[in-house]
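Values reported hereafter were calculated over all heavy atoms of this structure, with side chains retained and with hydrogens, waters and symmetry mates removed. Keep in mind that this is a model prediction, so the values were computed, not measured.
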Amino acid sequence: DINQADSLTISKRVSATKGVTACTVNPKSKAVSVTYYDDVVNESKLSQVIEEQDIATTKVNFAAMEGPKCPIPAEY
């Protein structure tokens, strides 16, 4: 688990990164979800910011997953 203070620190640091539009931290699962403009900031930079807080990073490709999507595609 990530404690509340570290969760807030991670969220603030990632959100302050130029190009980031949203950041959510799930302390229980140690998951950080980031929405960003890839023409402004890259995954490497975001991983670096997150890993500074001793949180390992991995990428999840949600587009490759089956089931409902968010936002809901027009073909639904």
Side-chain angles (χ1 to χ4, degrees):
D1 290 6
I2 303 172
N3 67 41
Q4 188 172 5
D6 287 344
S7 176
L8 186 59
T9 298
I10 294 165
S11 181
K12 283 183 177 181
R13 286 187 179 174
V14 173
S15 295
T17 304
K18 186 176 180 178
V20 171
T21 60
C23 176
T24 304
V25 178
N26 182 327
K28 195 151 195 84
S29 67
K30 294 178 86 174
V32 180
S33 179
V34 183
T35 305
Y36 62 96
Y37 291 108
D38 60 2
D39 60 337
V40 178
V41 65
N42 60 35
E43 289 177 40
S44 177
K45 173 62 177 172
L46 295 172
S47 289
Q48 179 184 352
V49 172
I50 294 167
E51 289 173 353
E52 287 172 355
Q53 299 300 307
D54 293 325
I55 304 295
T57 59
T58 57
K59 180 180 178 179
V60 176
N61 183 359
F62 290 106
M65 294 183 172
E66 295 295 319
K69 309 275 192 270
C70 285
I72 298 172
E75 60 269 9
Y76 269 22

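- T21 places a side-chain N or O within donor-acceptor distance of the main-chain N or O of T35, the cut-off being under 3.5 Å.
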Using atom types as modelled, flag every donor-acceptor pair under 3.5 Å from a side chain in residues 23-31 to any protein atom, sequence neighbours excluded.
{"unit_1": "N26", "atom_1": "OD1", "unit_2": "K28", "atom_2": "N", "d": "3.1"}
{"unit_1": "N26", "atom_1": "OD1", "unit_2": "S29", "atom_2": "N", "d": "3.3"}

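- Taken from CD1 in I55 to CD1 in I2, the straight-line distance is 3.5 Å, to the nearest 0.5 Å.
- Judged as a salt bridge (charged side-chain N to carboxylate O under 4.0 Å, His left out), and not counting sequence neighbours, K18 has no contacts.
- Residues S47 and T57 share a closest heavy-atom pair of OG-OG1, 3.2 Å.
- Remark: E52 CD to R13 CZ distance equals 6.5 Å, nearest 0.5 Å.
- Summarising the local packing, CG of D54 is surrounded by 12 or fewer heavy atoms from other residues, nucleotides or ligands at distances under 6.0 Å.
- Counting only heavy atoms from C-beta outward, the side chains of Y36 and L46 approach each other to under 4.5 Å.
- Checked by atom type and distance alone, the side chain of T9 pairs as donor or acceptor with a backbone atom of A5 at under 3.5 Å.
- Listed for the T17 side chain is a donor-acceptor partner under 3.5 Å among the backbone atoms of V14.
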